[in-house]
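Below is one structure, written out as structure tokens, with a few remarks after it.
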Amino acid sequence: MKQKITWLQILQGWSMLLVVIGHITLTGTFENPDTPISAAIETIIYSFHMPLFMFISGFLFYLTKISRDKAYPEVVTDKLKRLGAPYLFFTIFTFIVKFIFAPFIKRPVELSLSQFVDCFLYPGSNPLSEMWFVATLFIIMLLYPLLKYMITSALKTGLLLLGCIALNLFFPTDIDMLCLSSVAYMLLFFSLGILFCQHNLQRFLATPWTLAILTALFAAFTLTPGCPELLLNLSGIFFSVSLALNLAPVAPRLFSSFRDYTFQIFLLGIFPQIAVRIFYARLPHNEFSYWALYLASIVLGIYIPVLIAKVIQKSRSALVRRCFGL
């Protein structure tokens with residue numbers, strides 16, 4: 001159990017590092033051809049990093065909820081506290097920040113009731129755009145009774161996987177209400193995380209030979225023009241899991257300075273990164289300033305949220321801690 005948790009913690013740190021790097025976009029243009037190296041990094045990261053997050057969430061969901069046979073009302077209540085409270089708090093907070101700093105913001109907002117309501121009906125419209133993932137995750141977790149039932153036999157599990165693959169490949173991609181398109185797409189990876197935990201499937205990815213093969217597959221798919229997105233998603237997930245499993249015995253403390261605060265980094269990291277982006281826009285552009293601020297964006301995007309989280313942890317108010325996902 002200790003080794004399993006260690007590799008999972010490393011995987012959480014790795015996935016959060018990918019998110020932070022993916023959110024840098026110093027020039028304000030995603031995959032900017034004027035910065036080909038960082039554009040290539042963004043392309044690789046975005047080919048699998050959110051499915052990886054969903055896989056980890058499914059793994060943890062089985063470990064903490066399904067395997068312990070938690071009651072459905074308890075699961076819903078827990079997730080409302082864990083996901084709903086930060087969603088509400090950071091929606092309001094980001095509205096205020098973007099309203100105050102409107103001249104410097106790429107996506108300014110209006111303080112209106114209709115736009116506030118839309119943040120919940122259409123989570124992709126949230127001023128903190130990352131909240132689409134929180135909403136998607138919450139809705140998938142509401143399927144707890146169905147997911148728990150569908151993994152009780154091989155036949156049901158097979159039907160679950162076939163249904164998830166069909167949703168991933170064929171569900172309309174433009175249904176923004178309640179993130180239904182994202183739910184349909186991500187359900188496969190969440191379910192795979194559940195199945196990996198249930199059957200201890202990660203043990204098959206723990207050898208150096210497996211890592212070498214999965215690394216080669218991921219590289220091959222990444223370099224193949226027009227490679228199906230699902231292959232990129234899955235190869236990136238399995239490569240990352242194998243990487244974490246192989247690193248756990250030799251570097252068990254890897255990412256230990258921030259891997260316990262991944263949710264807080266996800267919620268807060270974008271704000272210092274936006275500040276770095278604004279600062280970069282006002283500097284003379286050259287290779288040195290670009291890469292210096294690129295690295296600064298990573299460090300600040302990780303460790304300012306960690307610092308804030310450690311301060312919030314000391315608060316005596318459970319509500320304050322809950323607003324930050326603690």
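When a residue number appears, it is its place in the shown sequence, counting from 1.
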- Message: Test your reading of the model: is there a side-chain donor-acceptor pair from Gln12 to the backbone of Ile56, 3.5 Å cut-off?
- Response: no

- Item | Check: Tyr62 ring centroid to Phe196 ring centroid under 6.0 Å | no

- Side-chain donor/acceptor of Tyr87 to backbone N/O of Ala135, under 3.5 Å: no

- Item | Intermediate values then yes/no, side-chain contact (heavy atoms from CB on, under 4.5 Å), Ile10 and Leu243 | CA-CA 9 Å; Ile10 291 173; Leu243 179 65; over 6 Å; no

- Is Lys156 atom NZ crowded by more than 12 heavy atoms from other residues, nucleotides or ligands, each under 6.0 Å away? yes

- Validation row, ring centre Phe221 to ring centre Phe239 under 6.0 Å: no

- Message: Is the distance between the ring centroids of Phe263 and Phe324 under 6.0 Å?
- Response: no

- Item | Working for side-chain contact (heavy atoms from CB on, under 4.5 Å), residues Cys164 and Phe190 | CA-CA 10 Å; Cys164 288; Phe190 189 87; over 6 Å; no

- Message: With a 3.5 Å distance limit and no angle check, can you tell me whether His49 reaches the backbone of Ile44 through a side-chain donor-acceptor pair?
- Response: no

- Hey, what's the ring geometry for Phe255 with Phe258, parallel, tilted or perpendicular (30° and 60° as the breaks)? tilted

- About how many Å separate CZ of Phe55 and CG of Leu60, when rounded to the nearest 0.5 Å? 10.0 Å

- Message: Can you confirm whether the side chains of Ser240 and Trp14 place a donor and an acceptor under 3.5 Å from each other?
- Response: yes

- Ser181 side-chain N/O to Ile175 backbone N/O, donor-acceptor pair under 3.5 Å: yes

- Item | Shared hydrophobic cluster, Leu146 / Met54 (ILVMFWY, side-chain heavy atoms < 4.5 Å) | yes

- Would you sort out whether Tyr290 and Ser38 count as a side chain to side chain donor-acceptor pair (under 3.5 Å), showing the intermediate values? CA-CA 10 Å; Tyr290 183 84; Ser38 56; 2.6 Å; yes

- Query: If only atom types and distance count, is the side chain of Tyr72 paired as donor or acceptor with the main-chain N or O of Leu142 below 3.5 Å?
  - Reply: yes

- Message: Given Leu211, which partner from the list Asn246, Val241, Leu205, Leu245 fulfils the side chain to side chain contact (heavy atoms under 4.5 Å, CB included) test?
- Response: Asn246

- Take atom CZ in Phe279; do more than 12 heavy atoms of anything else shown fall under 6.0 Å from it? no

- Task: Could you note down all residue pairs passing salt bridge (Lys or Arg N to Asp or Glu O under 4.0 Å) where residues 59-70 supplies at least one of them, sequence neighbours left out?
- Result: Lys65-Asp78, Asp69-Lys148, Lys70-Glu74

- Hey, do the aromatic rings of Tyr185 and Phe171 have their centres closer than 6.0 Å? no

- Apply side chain to side chain donor-acceptor pair (under 3.5 Å) to the pair Thr35 and Asn32, showing each step before the final yes or no. CA-CA 6 Å; Thr35 54; Asn32 191 338; 4.7 Å; no

- Task: Apply side-chain contact (heavy atoms from CB on, under 4.5 Å) to the pair Leu195 and Ile151, showing each step before the final yes or no.
- Result: CA-CA 8 Å; Leu195 294 174; Ile151 61 172; 3.8 Å; yes

- Message: Counting the benzene-type ring for Trp, do Trp7 and Phe59 have ring centres under 6.0 Å apart?
- Response: yes

- Query: Shared ILVMFWY cluster between Leu307 and Ile265, side chains joined below 4.5 angstrom?
  - Reply: no

- In the single-linkage hydrophobic clustering (I, L, V, M, F, W, Y; side-chain heavy atoms under 4.5 Å), do Leu234 and Phe170 co-cluster? yes

- Would you list the pairs meeting salt bridge (Lys or Arg N to Asp or Glu O under 4.0 Å) in which at least one residue belongs to residues 245-260, sequence neighbours left out? none

- Under 3.5 Å, is there a donor-acceptor pair between the side chain of Arg321 and the main chain of Ile312? no

- Query: Distance-only, no hydrogens or angles: does the Thr136 side chain make a donor-acceptor pair with backbone N or O of Val183 under 3.5 Å?
  - Reply: no

- Query: Okay, side chain of Ser15, backbone of Leu11: is any donor-acceptor separation there less than 3.5 Å?
  - Reply: yes

- Message: Could you check whether any side-chain N or O of Thr224 sits under 3.5 Å from a backbone N or O of Cys227, counting only pairs where one atom can act as donor and the other as acceptor?
- Response: no

- Atom CG of Leu162 with >12 non-hydrogen neighbours under 6.0 angstrom: yes

- Query: Counting distance only, does the side-chain N/O of Thr210 pair as donor-acceptor with the main-chain N or O of Ala206 below 3.5 Å?
  - Reply: no

- Do Ile66 and Ile194 pass the side-chain contact (heavy atoms from CB on, under 4.5 Å) test, and can you show the C-alpha distance, the side-chain angles, and the key distance before you say yes or no? CA-CA 9 Å; Ile66 297 177; Ile194 289 175; 3.9 Å; yes

